[in-house]
Amino acid sequence: MLTHKSTLGDVLAHPLGRDIIHRLLLQMGVSRQTVDNPLVRQLPLSALPTLTRGRLDGAFLDTLVTLLNGETARPGAPTGRYEPTWWKEALFYQIYPKSFKDSNGDGIGDLPGILEQLDYLQTLGVDALWLSPIYDSPMADNGYDIRDYRKILAQYGTMADFRELLTEVHRRGMKLIMDLVINHSSDEHPWFQEALKDPASPQSNYYLFRDQPNNWTSFFGGSAWRYFPQRNQWALHLFADKQMDLNWEEPALRRELHTMIRDWLELGVDGFRLDVINYISKSAALPDGNPAIGKLMGYFGIEHYFYGPHLHDHLRELHQEAFAPYGAFTVGETPGIGRQCAKLLTAKSRGELDLVFPFDHLMVPGKDRFDEYRYDLNYLKNFYIEWMEDGPEWMALFFENHDNPRPISVIDPDPAHREHIAKLLALILLTLRGTTFLFQGQELGLVNQNFTDISQLRDVESLNFYDQWRQTMDEAAAFRKVLNGTRDHARTPMPWTDAIHGGFTTGIPWIPLDEDHKTCNARAQLGKADSVLNFYRQLIALRKAHPALIYGDVRFMDPLVRDRFNWQRIHGEETLFVECNLSNKPIRRSAFRPTGHCLLSNYPDEPADRLRPYEAILWKP
Ligand code: TEU
Ligand code: CA
């Protein structure tokens, strides 16, 4: 049992404690080394408030101790053996259906549009598709607000279209996973409607109604509580005010969800990406969030649900009741989960999830998505070294999704480096150990949109924040801040050709796209030997041809040298070597630099004794 008298060292020896301390340091922009110091480790927890100059307080320690004492499991030692499984070898590709391909000219992507492009995906070497939500929804958050879990959104097509898509995916030897949004439902879901109408109905307990709100805040701004006069009560929504959090402590709700999931598996889907799945279990009494933590993290209440009391129980039950009987693959979206808890969530013997998406590599210490900053790739390097050396046995490798700006723009917006960076990132993501997830357009090296006016943005998060910031900032400043982080950068239509609207639609797209598609589009890149797209195709083919790139051990070479990121993949007789320059300047090559055959490089000729800006090479020594 931990108490206030326990030392910082005791906390760091606890898996959850270690993850929390590391996350807090990251948030404060304080180096990890601070807590590596043995003297600091001997300090009692009660010294934390002084040590952090009041950024953490005594009340937080109570929460911390309760959280830690609630987790008695410890991750097992790594086995170093990787049981071959399809999803370890597969390359996943995330489709944002609204923006992928419009087949009928209404300006909105749809299922027949995806069907049209299956050959493109197959030629690229994609093995599995992840579809962002396609269920019936009022689209307050582009489908992450589900009104009917068993119906396809009319704008996207019909159940018959979905069956055809699934058949065609399978016919090509590919798999398909769905987005499963079960932390919350739309307020238009019949369950919620029934709960509003009749507080005595069984559905009433499917949501979190309270007579009084607590101080929790929503990820999309403002209070996490919405008042419903029908019941003279408030209901919890961690996201938009039309996304009502489900009450996972209600067994009848869980049973409904299990049945719904099994129905999709009966239909033949191969697995799921589980939206914010680590948020499903909330502290029973829904206590106020600690204000110090709220201020530090930007959200109040998070410590009461990011790793809630019954998280593991619910996941195990989901696995047993729904996923396991079908051998379904699962990847959890788990914001705030660190390396040690990721081990617990994905250990095969524990029967919870197959993989989790961590997010700490998408931010740099002390900055958030809406800050103006340059992303230093050395941060990505350190993140992967730590996760490969002491993380879950298998991890999800990704750097783009529908919730973030395009990273190339954040790393270095100089157009001269665009393609080099795109290919460098490709090499990192496809030659480290783990399952790679690409996001649509990443294979073209897409960059942030040149939005010029707030009226061009659509995302509920961006629009809410803009309104909030406008109260203290002028229009230009608030717009600039939104542009730093808006999720819409990743949500504009996929540029297929240089035609109007990138050939995405014959109508008017639901969100405008800038002029970039005139030069950067799939058709142009297919016809250009050294395009980003062809680099991806070659790299994906190499990954399939060399088991070392999937199951091989990873050995990092001179990990402490800044801007240099080099590693080996070793499997039986085969060793491959990756050499990268993470900076926009030439750097000296490593003493370990390989000789041999260059399998793939982002420059046309081999380097001499220096690596050029963002140069990245895959060698077979
Ligand atoms: O995202 C959850 C999440 O925490 C974020 O990535 C989020 O977009 C951002 O941090 C908010 O500040 C998932 C989905 O990926 C996202 O598109 C949804 O909006 C969200 O859940 C709610 O379903
Ligand atoms: Ca359409």
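If you read the sequence from its start, that first residue is 1, and numbering goes on from there. Atoms within each ligand, like the ligands themselves, are counted from 1 in listed order.
Among Asp145, Asp148, Val181, the one residue that satisfies the side-chain contact (heavy atoms from CB on, under 4.5 Å) test with Ser186 is Asp145. Results of the side-chain hydrogen bond (donor to acceptor under 3.5 Å, both in side chains) test with Ser185 over Tyr135, Tyr207, Tyr149 single out Tyr207 as the only residue that passes.
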Working for salt bridge (Lys or Arg N to Asp or Glu O under 4.0 Å), residues Arg491 and Asp459: CA-CA 9 Å; Arg491 298 178 175 189; Asp459 181 19; 3.5 Å; yes
Residues Leu380, Leu425; criterion side chain to side chain contact (heavy atoms under 4.5 Å, CB included); working and verdict: CA-CA 10 Å; Leu380 185 67; Leu425 291 172; 4.2 Å; yes
Salt bridge (Lys or Arg N to Asp or Glu O under 4.0 Å) between Glu461 and Arg369, intermediate numbers included: CA-CA 12 Å; Glu461 181 199 58; Arg369 183 151 47 91; 2.8 Å; yes
Intermediate values then yes/no, ring pair (Phe, Tyr, Trp, His ring centres under 6.0 Å), Trp264 and Phe272: CA-CA 10 Å; Trp264 283 103; Phe272 299 93; 8.0 Å; no
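Protein heavy atom in closest approach to atom 15 (O) of ligand 1: Asp403 OD2, 2.5 Å. Glu333 OE2, 3.8 Å is the protein heavy atom nearest to atom 3 (C) of ligand 1. For atom 7 (C) of ligand 1, the closest non-hydrogen atom of the protein is Arg487 NH1, 3.9 Å. Looking only at heavy atoms of the protein, atom 19 (O) of ligand 1 is closest to Asp141 OD2, 2.5 Å. Looking at atom 12 (O) of ligand 1, its nearest protein heavy atom turns out to be Glu461 OE2, 2.9 Å. Atom 4 (O) of ligand 1 has Pro335 CG, 3.6 Å as its closest protein atom, hydrogens excluded (heavy atom only). Nearest protein neighbour of atom 13 (C) of ligand 1, counting heavy atoms only, is Asp275 OD1, 2.9 Å.
Those atoms of ligand 1 with a heavy atom of Gln243 less than 4.0 angstrom away are 22 (C), 23 (O). Near Phe220, with a cut-off below 4.0 Å to any heavy atom, the atoms of ligand 1 are 11 (C), 19 (O). Close approach of ligand 1 to Arg369 is summarised as follows: ligand atoms under 4.0 Å from at least one heavy atom of the residue are 9 (C), 10 (O), 11 (C), 12 (O). When each atom of ligand 1 is checked for a heavy atom of His184 under 4.0 Å away, the hits are 22 (C), 23 (O). Close contacts of ligand 1 with Phe239, meaning ligand atoms under 4.0 Å from a residue heavy atom, involve 2 (C), 20 (C), 22 (C). With ligand atoms numbered from 1 in the order given, ligand 1 contributes 17 (O) to contacts under 4.0 Å with heavy atoms of Arg491.
Atom CG in Leu397 sits 9.0 Å away from atom CG in Leu355 (nearest 0.5 Å).
Of the possible polar contacts, one joining the Asp19 side chain to the Gln340 backbone as a donor-acceptor pair under 3.5 Å is found. Using modelled atom types, one side-chain atom of Arg470 and one backbone atom of Met473 make a donor-acceptor pair closer than 3.5 Å. For Glu250 (side chain) and Asn247 (main-chain N/O), no donor-acceptor pair under 3.5 Å exists by modelled atom type. Side-chain N or O atoms of Asp371 include none that pairs as donor or acceptor with a backbone N or O of Tyr373 at under 3.5 Å.
Looking only at side-chain heavy atoms (C-beta outward), Leu257 and Leu180 stay at 4.5 Å or farther from each other.
The residue His237 has no part lying near ligand 1, judged by heavy-atom distances below 4.0 Å. In Phe359, neither the side chain nor the backbone holds a heavy atom less than 4.0 Å from any atom of ligand 1. With a 4.0 Å heavy-atom cut-off, ligand 1 is reached by the side chain of Tyr299 but not by its N, CA, C or O.
Of all protein N/O/S atoms, those under 3.0 Å from the Ca ion (ligand 2) are Asp102 OD1, Asn104 OD1, Asp106 OD1, Ile108 O, Asp110 OD2, and waters are not counted.
Salt-bridge formation is detected for the pair Asp136/Arg147: a Lys NZ or Arg NE/NH1/NH2 atom is positioned less than 4.0 Å from an Asp or Glu carboxylate oxygen. Comment: Asp263 engages Arg150 in a salt bridge, judged by a side-chain N to carboxylate O separation of less than 4.0 angstrom.
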